[in-house]
Amino acid sequence: MAFEPRPPQSIEDPPIGVEAAARLMATVGFVAFRSPPEADAPDSCLMVAIHDEPTRRHFDAERIGYWATVNGHGQLQEVDRSTDVPFEADFSWGRIRIIDRFGARNSFVTFGGALNGELVGTGARLFIFRSPALILRLAGHSQREDRLAPEAMAFFAQLIPHLWSGEAERTIADASPLDLYAAFLLHTRSRIARSPALREVLDRDEPALRRQLRLLGVGGGEHLEAGTRLLRQVGLDPGR
């Protein structure tokens, strides 16, 4: 009998393929995972099924909310069982929220990417968020929080006041997911270096932060350089 992986529980878990993730959907309703480096699209992914009729076997998503840049401004978008498929769209940085028929929620924080939707089987729509940067789990109804996820939300909270400047909003909106992710990692490293209290709080998160910075530095570090420029352009400390 072929071994079927369990749904990944954190960003630290081993990658799985899209096909394996799709098979898991029968029992979990949604799955966040990293695809293997050798995959056609080695991304961080969030796969969600919306059924016309609740399965009552798992977390039955009713709708998904996410942010997208529309005419240069961030706008909240939704997909649900009425969304026409096939469906393609870009999503931007911010929170992705999955809500079920009882109002229970599972949320994620992302740095942007591409969203695709398609009809699968009878009466089910499958939506896949893909990003070259990590999609991080926030604490929710049926998942535990990823390390660095609260810091990502704190970083975005610091970006939001800068959106009142049209130029800054365009700069942030035009940044690639990996450039924005690099800006987050660099800014968080700088905050930790300046604050002994924060270092103590984030002691368990710091290895993940260093590991992600090393990965972004592979191949010349252009995303780290772009992240540094982005932080300077919006008036945040890159710590370099």
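Salt-bridge check for Arg125 with Glu118: failed, with every basic side-chain N at 4.0 Å or more from each acidic carboxylate O. Salt-bridge annotation for Asp43 and Arg130: absent, with no side-chain N of the basic residue lying under 4.0 Å from a carboxylate O of the acidic one. Using a cut-off of 4.0 Å between Lys/Arg side-chain N and Asp/Glu carboxylate O, Arg211 and Glu12 are scored as salt-bridged.
Closest heavy-atom contact between Pro8 and Val31: CD-CG2, 3.7 Å. Of all heavy-atom pairs spanning Leu119 and Val85, the tightest one is N-CG2, 3.8 Å. Nearest heavy-atom pair across Arg97 and Ser107 is NE-OG, 3.6 Å. Closest of all the heavy-atom pairs between Met25 and Ala49 is CE-N, 3.3 Å. Here the closest heavy-atom approach between residue Ala61 and residue Ile50 is recorded as O-CG2, 3.7 Å. The two atoms that bring Ser131 and Gly112 nearest to each other are OG-O, 2.6 Å, heavy atoms only.
Transitive grouping of hydrophobic side chains (ILVMFWY, heavy atoms separated by less than 4.5 Å) brings Phe111 and Ile160 into a common cluster. One hydrophobic cluster holds both Ile135 and Val79 under the rule that ILVMFWY side chains link at heavy-atom gaps under 4.5 Å. Both Phe155 and Ile11 belong to a single network of hydrophobic side chains, linked directly or stepwise wherever heavy atoms of I, L, V, M, F, W or Y lie under 4.5 Å apart. Under a hydrophobic-cluster definition in which Ile, Leu, Val, Met, Phe, Trp and Tyr are linked whenever side-chain heavy atoms come within less than 4.5 Å, directly or via other members, Leu178 and Val109 are assigned to the same cluster. Hydrophobic clustering, with ILVMFWY side chains joined whenever heavy atoms are under 4.5 angstrom apart, groups Leu224 together with Leu185.
Using a 30° and 60° split on the angle between ring planes, Phe30 and Phe59 fall in the perpendicular class, above 60°. The aromatic rings of Phe127 and Phe87 sit perpendicular to each other, their planes meeting at more than 60°, with 30° as the lower class boundary.
For the pair Leu136/Phe108, no side-chain contact is recorded, criterion being any heavy-atom separation below 4.5 Å from C-beta on. Counting only heavy atoms from C-beta outward, the side chains of Leu230 and Leu180 approach each other to under 4.5 Å. Within the 4.5 Å cutoff, the side chain of Pro177 has heavy atoms near those of the Pro132 side chain. Contact annotation: the side chain of Ser10 approaches that of Arg144 to within less than 4.5 Å [non-hydrogen atoms, C-beta and beyond]. Looking only at side-chain heavy atoms (C-beta outward), Ile16 and Leu24 come within less than 4.5 Å of each other. Between Ile98 and Arg105 the shortest side-chain heavy-atom distance does not fall below 4.5 Å. Between Leu126 and Val48, the closest side-chain pair of non-hydrogen atoms is not below 4.5 Å. You'll find the side chain of Gln9 reaches within 4.5 Å of the side chain of Pro7, heavy atoms only.
Checked by atom type and distance alone, the side chain of Ser176 pairs as donor or acceptor with a backbone atom of Asp179 at under 3.5 Å. Formation of a donor-acceptor pair under 3.5 Å by the Asp146 side chain with backbone atoms of Ala149 is not found in this model. Remark: side-chain polar atoms of Arg170 are not paired, donor with acceptor, to backbone N or O of Gly72 under 3.5 angstrom. Using modelled atom types, no side-chain atom of Gln233 and backbone atom of Ile172 make a donor-acceptor pair closer than 3.5 Å. Counting only distance, with no hydrogens or angles, the side chain of Asp60 and the backbone of Thr55 share a donor-acceptor pair below 3.5 Å.
If you take CD1 on Ile192 and CD on Glu151, they are separated by 6.5 Å, rounding to the nearest 0.5 Å. The NE2 atom of His51 sits 11.0 Å away from the CZ atom of Arg101 when rounded to the nearest 0.5 Å. Note that the OG atom of Ser35 and the CD atom of Glu19 stand 10.0 Å from one another [nearest 0.5 Å]. From Tyr181, atom OH reaches atom CG of Leu215 across 8.0 Å, with rounding to the nearest 0.5 Å. Note that the CZ atom of Arg95 and the CZ atom of Phe156 stand 11.0 Å from one another [nearest 0.5 Å]. Thr69 OG1 to Gln77 CD: the interatomic distance, rounded to the nearest 0.5 Å, is 9.5 Å.
Residue Asp84 qualifies as open at atom CG: its count of foreign heavy atoms under 6.0 Å is 12 or below. Around the CD atom of Gln75, the shell of radius 6.0 Å holds more than 12 heavy atoms that belong to other residues, nucleotides or ligands.
Tyr66 and Glu78 share no side-chain donor-acceptor pair at under 3.5 Å. Using modelled atom types, one finds no donor on one side chain facing an acceptor on the other under 3.5 Å when comparing Arg191 with Ser195.
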Review point. Going through the distances and angles, do Arg194 and Ser190 end up as a side chain to side chain donor-acceptor pair (under 3.5 Å)?
Key: CA-CA 6 Å; Arg194 294 195 309 268; Ser190 176; 2.7 Å; yes
Practice item. Determine, stepwise, if the pair Asp90 / Leu115 fulfils side chain to side chain contact (heavy atoms under 4.5 Å, CB included). Key: CA-CA 6 Å; Asp90 291 330; Leu115 169 61; over 6 Å; no
Practice item. Report the C-alpha distance between Leu209 and Leu148 in whole Å, list the side-chain angles of each, state the deciding distance to 0.1 Å, and finish with yes or no for side chain to side chain contact (heavy atoms under 4.5 Å, CB included). Key: CA-CA 8 Å; Leu209 177 68; Leu148 300 180; 4.3 Å; yes
Check your understanding: Checking side chain to side chain contact (heavy atoms under 4.5 Å, CB included) for the pair Met153/Leu138: CA distance, chi angles, key distance, verdict?
Key -> CA-CA 9 Å; Met153 291 299 292; Leu138 293 164; 3.8 Å; yes
Check your understanding: Could you walk me through whether His187 and Gln158 pass the side chain to side chain contact (heavy atoms under 4.5 Å, CB included) check?
Key -> CA-CA 10 Å; His187 184 64; Gln158 293 184 64; 3.2 Å; yes
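Residues Phe91 and Trp67 keep their aromatic ring centres 6.0 Å or farther apart.
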